[in-house]
Number of protein chains: 2
Amino acid sequence: MITAERHRTILQLIEQRKIIRIQELVDELNSSESTIRRDLSQLEQKNKLKRVHGGASILHQKKEEPSILEKSTKYLSEKVRIAKYAASLIKDNDCIFLDAGTTTNNMIPYINAKNITVVTNSPSHLKPLLEKEFHTYVLGGFVKPRTEALIGQMAVDTLRKFRFDKSFIGVNGIHLNYGYTTPDPEEATLKSVAMKMGQNVYVLADHTKFHEVTFTQIAELEDAVIITNEADEDTINDFKEKTSIEVIDK
Amino acid sequence: MITAERHRTILQLIEQRKIIRIQELVDELNSSESTIRRDLSQLEQKNKLKRVHGGASILHQKKEEPSILEKSTKYLSEKVRIAKYAASLIKDNDCIFLDAGTTTNNMIPYINAKNITVVTNSPSHLKPLLEKEFHTYVLGGFVKPRTEALIGQMAVDTLRKFRFDKSFIGVNGIHLNYGYTTPDPEEATLKSVAMKMGQNVYVLADHTKFHEVTFTQIAELEDAVIITNEADEDTINDFKEKTSIEVIDK
DNA sequence: AATTTTATGAATGATTTTGATTGGTTTTGA
DNA sequence: TCAAAACCAATCAAAATCATTCATAAAATT
């Protein structure tokens with residue numbers, strides 16, 4: 001095995017296991033202890049890992065996936081303004097579906113309607129929803145790690161039992177040709193059904209979502225009203241030909 | 001296990017359990033007491049945890065008065081000891097049902113089995129469950145305010161689709177004539193179905209639950225194994241005639 | 001082909017980590 | 001309060017890990 005190949009493999013293994021022992025590497029790479037030691041020294045020199053007694057560990061300040069917290073701080077004010085407007089659409093006695101995601105989560109504190117019923121696929125929405133004393137239902141099914149969203153056949157089955165006055169959906173991409181998209185096919189299915197079950201359907205999206213396309217299509221543009229802000233006029237006009245857009249002013 | 005690996009694991013465990021005894025770490029990490037002691041000193045030096053007599057505890061970022069845990073002479077409360085024992089019953093690859101409630105919640109950090117699948121009716125269990133990287137399913141349905149437990153027909157319907165190797169149930173009363181009881185009829189129904197779907201059924205109960213009766217019956221005594229501690233001998237013997245009891249010693 | 005450069009694995013003694021032991025201190029329970 | 005039990009800090013020898021050196025083999029350069 002060539003040096004570069006070993007280095008690549010070592011970094012991969014550390015990425016997966018966070019910490020790895022020298023002896024493990026000796027066994028798995030069929031190299032001598034000396035060689036592995038040299039590899040680790042070199043990789044540490046290049047700041048690719050941290051040497052620890054007995055092995056090596058992943059770098060502490062390794063760039064993490066944009067966590068839910070970071071995501072929510074970056075575009076906070078924009079997302080909050082969108083959320084606040086969306087919340088104002090909810091009227092007394094409405095039955096609504098609230099998709100998982102930070103934007104929809106931001107809606108909850110701003111909902112002023114009374115006696116509403118909320119269905120969600122996000123366990124993280126439950127706490128704020130119950131604080132508002134809404135009638136709250138959650139879908140069942142597999143809990144997707146990291147995002148804590150419910151997905152899968154079981155969640156979809158549960159969802160089909162409901163009809164909503166309004167559905168509020170988050171998406172990852174909005175595109176003139178490809179419509180609304182999201183990376184995870186399972187999530188796409190669920191969002192799609194949630195949209196079908198809603199009398200009025202709203203997609204919440206900040207300006208970064210426009211012209212973006214991700215892996216799976218949820219629905220066509222005309223299947224929902226887009227709620228956004230700060231998009232440029234050309235973009236707005238392009239999309240206005242296909243569906244309604246409600247633009248919140250600054 | 002190398003030093004860095006142990007340190008990482010120790011911090012993870014403390015994050016989950018808030019407090020941990022040296023002896024627990026000795027057992028779970030297969031290291032000597034001396035080594036664990038050194039680890040804890042080093043981690044305290046780096047301000048990653050707080051040393052307490054007999055073990056270590058998580059740092060309080062919020063200015064709280066010294067927690068009950070630190071002050072308490074027994075580090076593990078009655079409920080935690082029951083939970084820990086129950087957790088030890090779970091084996092690799094098991095599919096289990098975990099009822100809502102604090103005792104069952106306490107089980108989660110102590111589950112050491114790998115590759116298990118957990119179904120729960122408690123959204124509050126999800127965070128610790130996902131931290132452990134279990135395959136996690138949650139029932140759907142109406143979310144009962146205050147307790148955040150899922151109840152109702154829809155939850156029961158979802159539940160019926162599963163079969164469990166083991167079901168862990170919390171109850172409010174255990175009585176020689178009236179069996180297991182709980183105040184809310186809807187909850188009782190769900191617990192009852194969860195018990196039917198389990199190959200092995202365990203009821204977790206501290207000594208205060210014995211001879212108590214509440215509004216709705218969940219099941220007969222013989223439908224479950226009781227896990228408890230510190231109950232007096234007469235009580236234990238009375239119940240032993242009807243079903244199995246596993247008593248945790250001090 | 002001859003020479004230089006680079007990579008490898010074994011051997012070395014130095015350094016760090018580990019677990020057992022000792023004796024002192026704190027906690028517990030009566 | 002007191003004695004037993006549990007816990008702790010300090011020490012030390014054994015084990016594991018480490019940096020260094022050296023000889024050989026492979027690759028690159030001339």
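Small disclaimer: the values here were computed from a predicted structure and weren't measured. In what follows, every chain begins at residue 1, and chains take the letters A, B, ... in the order their sequences are listed.
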* Polar contact flag, side-chain donor to acceptor under 3.5 angstrom, D39(B)-H7(B) -> yes

For residues 125-134 of chain B, run the donor-acceptor check on the side chains, cut-off 3.5 Å, and write out each pair with its distance to 0.1 Å, sequence neighbours left out.
from	atom 1	to	atom 2	distance (Å)
H125(B)	ND1	T120(B)	OG1	3.3
H125(B)	NE2	G101(B)	O	3.4
K132(B)	NZ	P109(B)	O	3.2
K132(B)	NZ	I111(B)	O	3.1

* Asked: Whole-Å distance between dT17(D) P and E5(B) CD?
  -> 12 Å

Are any protein N/O atoms closer than 3.5 Å to N/O atoms in nucleotides 18-22 of chain C? If there are, list each pair with its distance.
from	atom 1	to	atom 2	distance (Å)
dT18(C)	OP1	T3(B)	OG1	3.4
dT18(C)	OP1	R6(B)	NH1	2.8
dT18(C)	OP1	R6(B)	NH2	3.2
dT18(C)	OP2	R6(B)	NH2	3.0
dG19(C)	OP2	S32(B)	N	3.2
dG19(C)	OP2	S32(B)	OG	3.1
dG19(C)	OP2	T35(B)	OG1	2.4
dG19(C)	N7	R38(B)	NH2	2.7
dG19(C)	O6	R38(B)	NH1	3.2
dA20(C)	N7	S34(B)	OG	3.1
dA20(C)	N6	S34(B)	OG	3.2

* Asked: Would you say the side-chain atoms of H175(B) and E212(B) include a donor-acceptor pair closer than 3.5 Å?
  -> no

* Which part of the nucleic acid, if any, lies within contact of V52(A), taking any heavy atom under 4.0 Å across all strands shown: a base, the sugar-phosphate backbone alone, or nothing? -> sugar-phosphate

* To do: State whether R51(B) places a side-chain N or O below 4.0 Å from either non-bridging phosphate oxygen (OP1 or OP2) of dC8(D).
  => yes

* Report yes or no: do S192(B) and T189(B) form a side-chain donor-acceptor pair below 3.5 Å? => no

* Whole-Å distance separating the CZ atom of R37(B) from the P atom of dT11(D) -> 16 Å

* **Donor-acceptor pair between E246(B) and Y85(B) side chains, under 3.5 angstrom** => yes

* How close or far is atom C1' of dT8(C) from atom CG of L29(A), stated in whole angstroms? -> 14 Å

* Asked: Do T182(B) and N172(B) get their side chains close enough for a donor-acceptor pair, meaning under 3.5 Å?
  -> yes

* Asked: In whole angstrom, what separates Q23(A)'s CD from dA15(D)'s P?
  -> 17 Å

* To do: Whole angstrom is fine here: how far is it from NE2 in H53(A) over to P in dT17(D)?
  => 7 Å

* Can you check the I22(A) CD1 to dT15(C) P distance for me, whole Å? -> 18 Å

* To do: Provide, to the nearest angstrom, the distance between the CD atom belonging to E24(A) and the P atom belonging to dA16(D).
  => 16 Å

